[in-house]
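Report on the following structure.
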Amino acid sequence: MLLRSTLIYAPAILLTRMSALLLIAVATRLIDQTEFGLLTLVVTIGEMTDVAVTNWLRISLLRLGGKKDVSRGSLFLAARVMVLTTLLALAVSAAASTLVAPDRWIEFALAVGGYLIAGAIGRFALTVLQMQQRHSTYSMLEFLRAVLQLALPLLAIYILPGSFLSISLGSSLGVLIAGLIAGTIAWSKVVAGPARFSQREFFAFGVPLVVIALVGFGLNNAERLFLNAYYNAGSVAIFAAAYALARQPIDMVANAINMGAFPEIVGRFDSEGATSAAALLSNLMALMIRLCLPVAALLVALGPEITSVVLPVQYHGHVDQLFLVIAFSVLCANLTSFVYGAVVHAHKKPWLLVWANGAGSIGTIGLSLLLIPTMAETGAALALAGGTLSSLAVCAAISQKLTAIPLPLRDIFFSIGIAAITGVTAKLSSVAFAQAPDLVQLAVGAVVGGLTFLALNGLIHPTETRALAQRACRRLGIA
């Protein structure tokens with residue numbers, strides 16, 4: 001099941017991540033570091049506000065709204081709440097804009113507002129498709145979003161060059177268009193009927209998530225705000241570029257696994273009990289580590305080549321040095337959210353995540369204050385790593401008290417070995433072509449590293465690899 005849903009969601013998620021990386025490659029060349037830093041701060045404030053004010057709707061709806069037959073009453077109730085929370089988010093973000101970018105707060109507030117409105121509509125529509133278990137449709141619409149989020153910002157920067165605002169509004173317009181189309185498609189399969197939960201139940205489940213988000217502000221991009229305060233938007237640009245390049249490939253894999261897994265986990269918990277759900281979560285952890293660690297190894301091994309190909313020269317020599325620490329942080333965050341956090345949501349006790357997010361915030365903020373003033377971007381990366389590790393440790397302890405997840409030690413051991421060998425072979429292959437252009441070095445290293453991973457994975461997990469290859473061939477139409 002995990003491999004099947006991963007294969008369904010992977011192409012769309014791959015395209016959205018590739019679209020984001022291509023946009024970074026273009027944006028860093030068309031606007032200066034300060035403008036790119038402001039663009040990343042728009043996303044930072046947008047994400048922080050969205051997580052605190054509107055993101056809880058998605059989790060609540062997934063947990064309480066059921067699967068496949070989604071009722072109109074449930075969506076009407078959730079939509080009314082979404083409108084109110086989005087208005088609140090707009091007010092909060094406008095106030096934050098005056099602090100983050102006081103000299104250009106109107107432009108900044110417009111960009112964040114567009115991000116929030118488009119994101120609320122897009123995520124709501126895609127959540128309904130996820131509830132309906134329409135995986136292929138979801139994948140197609142994510143592909144459409146990826147295309148629009150690349151094309152429209154490029155068109156916008158052509159019309160209004162040199163400004164972060166044009167790129168941000170173009171990206172938000174792409175999300176909005178894809179979201180409206182997704183909503184139209186999802187609505188065609190919505191069934192008549194009352195809400196499957198009351199407004200009181202919805203808020204009872206959601207309010208703790210809001211508190212969790214507020215407590216977790218320090219864990220969600222706070223290091224960028226400290227960088228902006230201690231240095232400037234140019235420093236934020238360097239860190240944000242490193243974070244995006246290191247995060248996107250790992251998140252792509254983890255999200256592809258989780259998209260189909262989370263509804264199945266909570267469904268199995270309700271129908272078959274905690275033990276069955278724990279076994280599935282153990283398999284989820286094993287698969288995530290098996291696929292994410294080699295990706296992280298390739299990022300670290302080929303960091304200089306990736307930076308040279310994707311980013312302009314003013315970013316070289318800084319960004320790739322942060323890949324190892326950021327990759328570690330991203331892996332910790334994914335394990336926290338998708339494995340141990342899923343246990344807490346399955347038990348309908350999301351308020352327990354306050355402790356995990358609180359620990360992460362304390363770690364990130366404390367280390368940011370300690371390290372960023374003297375270490376700049378490196379200090380920000382280390383602060384993020386400390387915060388995500390603290391959050392993972394606390395969340396794991398909490399979830400183990402609710403439902404113990406068997407630790408897949410054998411898979412972890414082999415995955416570490418495969419990742420190490422994958423990274424070494426990729427680096428050696430790239431070095432062998434040291435006289436070639438950076439793109440050739442990157443391509444050779446990535447191909448050799450990827451083939452090494454596939455070969456070792458097939459050797460250690462022959463049955464699963466064969467099943468994965470067969471499903472991939474069927475999706476590609478290969479006999």
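If you read the sequence from its start, that first residue is 1, and numbering goes on from there.
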Problem set entry | Modelled atom types, side-chain donor and acceptor of Ser361 and Thr364, under 3.5 Å |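 Judged by distance alone, the side chains do not pair up.
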Look up atom [atom1] in [X] and atom [atom2] in [Y], then write down how far apart they are to the nearest 0.5 Å.
| X | Y | atom1 | atom2 | value |
| --- | --- | --- | --- | --- |
| Phe108 | Thr98 | CZ | OG1 | 10.5 Å |
| Leu38 | Asp103 | CG | CG | 10.0 Å |
| Leu291 | Ile250 | CG | CD1 | 12.0 Å |
| Leu322 | Ile238 | CG | CD1 | 9.0 Å |
| Leu99 | Asn228 | CG | CG | 11.0 Å |

For this session: Examine Phe76 together with Trp187 and report whether their ring centres are nearer than 6.0 Å.
Result: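 Phe76 vs Trp187: aromatic centres under 6.0 Å.
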I'd like to know if the side chain of [X] and the backbone of [Y] have a donor-acceptor N/O pair within less than 3.5 Å.
| X | Y | answer |
| --- | --- | --- |
| Thr28 | Ala25 | yes |
| Thr44 | Thr40 | yes |
| Gln400 | Ile405 | yes |
| Ser390 | Gly360 | no |
| Ser166 | Gly162 | no |
| Glu35 | Phe164 | yes |

For this session: Evaluate side chain to side chain donor-acceptor pair (under 3.5 Å) for Gln149 paired with Ser171, printing each intermediate quantity in order.
Result: CA-CA 5 Å; Gln149 275 198 286; Ser171 177; 2.7 Å; yes
Could you check whether any side-chain heavy atom of [X] comes within less than 4.5 Å of a side-chain heavy atom of [Y], counting everything from C-beta outward?
| X | Y | result |
| --- | --- | --- |
| Leu281 | Met285 | no |
| Leu245 | Ile326 | no |
| Thr275 | Thr403 | no |

For this session: Inspect the contact between Glu47 and Arg224 and indicate whether a charged nitrogen and a carboxylate oxygen are less than 4.0 angstrom apart.
Result: no
Problem set entry | Single hit among Leu331, Leu335, Asp251 for side-chain contact (heavy atoms from CB on, under 4.5 Å) with Cys292 |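 Only match with Cys292 under side-chain contact (heavy atoms from CB on, under 4.5 Å): Leu331.
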For this session: Identify which one of Ile289, Leu392, Asn334, Leu284 satisfies the side-chain contact (heavy atoms from CB on, under 4.5 Å) criterion when paired with Val339.
Result: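 That would be Leu284; it is the only one of Ile289, Leu392, Asn334, Leu284 passing the side-chain contact (heavy atoms from CB on, under 4.5 Å) with Val339.
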Problem set entry | ring pair (Phe, Tyr, Trp, His ring centres under 6.0 Å) partners for Phe269, two or more places apart |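 Phe269 satisfies ring pair (Phe, Tyr, Trp, His ring centres under 6.0 Å) with His347 only.
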